[in-house]
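Proteins get letters first, then strands, A, B, ... in listed order; numbering begins at 1 in each.
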Amino acid sequence: MFSGFDALAERFGLEKIKTIGDAYMAVAGVREPREDDVEVAAQMALAMRDEVRELRCPNGDQVNVRIGMATGPAVAGVIG
Amino acid sequence: MNTAARMESNGIPDEIQISDAVYQRLGDHFRFSEVHIVNLKGKGPSAARLLLGRNGSV
């Protein structure tokens, strides 16, 4: 599932930050600021939701996903 | 990024929960739910919506 998300991140121009267990984190407009950062993130979120809808577990169960989005200034640094 | 994580952990399965700032930026090309309040740990009550889909063809 995450490799599918990697492909979506590449398609929509987001940057994958990391995966934490069963969570996937990506950002838009960090490497290169872009006017449509929120829009492309929304496109990716919708694509992720649509992709997961089609997935099934080996036993036939559906896969559920929760997605959260926020926007604002980001500060980065290296600590330690 | 923390707000996004809180939006997710307070979210609903198979839905995309967005902050008010995201809603303000997205505009007419997308469809949204009505605003609701979520209680975000460390931030308190915050306005949120669900991103439902695109509007027409984008």
Please identify, among A/N64, A/V63, A/D37, the residue contributing the most non-hydrogen atom pairs under 4.5 Å to chain B.
A/N64

Over 12 non-hydrogen atoms of neighbours within 6.0 angstrom of CD in B/Q24
yes

Flag yes if more than 12 heavy atoms outside A/R56 fall under 6.0 Å of its CZ atom; otherwise flag no.
yes

Check B/S19 against A/A70 and note the closest heavy-atom contact, atom names and distance.
OG-CA, 3.7 Å

Do B/L40 and B/L50 share a hydrophobic cluster, counting only Ile, Leu, Val, Met, Phe, Trp and Tyr and linking them when any side-chain heavy atoms are less than 4.5 Å apart?
no

CG (A/D22) with more than 12 external heavy atoms under 6.0 Å
no

Chain A contact via B/L52 - which portion, at a heavy-atom distance below 4.5 Å
backbone

If you count every heavy atom of other residues, nucleotides or ligands that lies below 6.0 Å from B/N39 atom CG, does the total exceed 12?
yes

Checking A/R66 side chain against B/P13 main chain: does a donor-acceptor pair fall under 3.5 Å?
no

With clusters defined by side-chain heavy atoms of hydrophobic residues (ILVMFWY) lying less than 4.5 Å apart, directly or transitively, does B/F32 cluster with A/V38?
yes

So if you build clusters from Ile, Leu, Val, Met, Phe, Trp, Tyr with side-chain heavy-atom gaps below 4.5 Å, do B/M7 and B/L26 land together?
no

Contact part of B/I16 toward chain A, heavy-atom cut-off under 4.5 Å: side chain, backbone, both or neither?
both

Can you check whether B/E8 reaches A/I67 side chain to side chain, under 4.5 Å on heavy atoms?
no

Closest non-hydrogen atoms of A/T71 and B/A21, given as atom of the first, atom of the second and distance, are CG2-CB, 3.6 Å

Please tell me if the side chains of A/M69 and B/Y23 come closer than 4.5 Å, counting only heavy atoms from C-beta onward.
no

Starting at CG of A/D50, measure out to CG of B/D14 and round the result to the nearest 0.5 Å.
10.5 Å

Minimal non-hydrogen separation, A/E39 against B/R25, with atom names:
OE2-O, 3.2 Å

Output yes when a side-chain donor or acceptor of B/R54 lies under 3.5 Å from a complementary backbone atom of A/L46, and no otherwise.
no

Looking at A/R34, I want to see if its CZ is surrounded by more than 12 non-hydrogen atoms of other residues, nucleotides or ligands under 6.0 Å.
yes

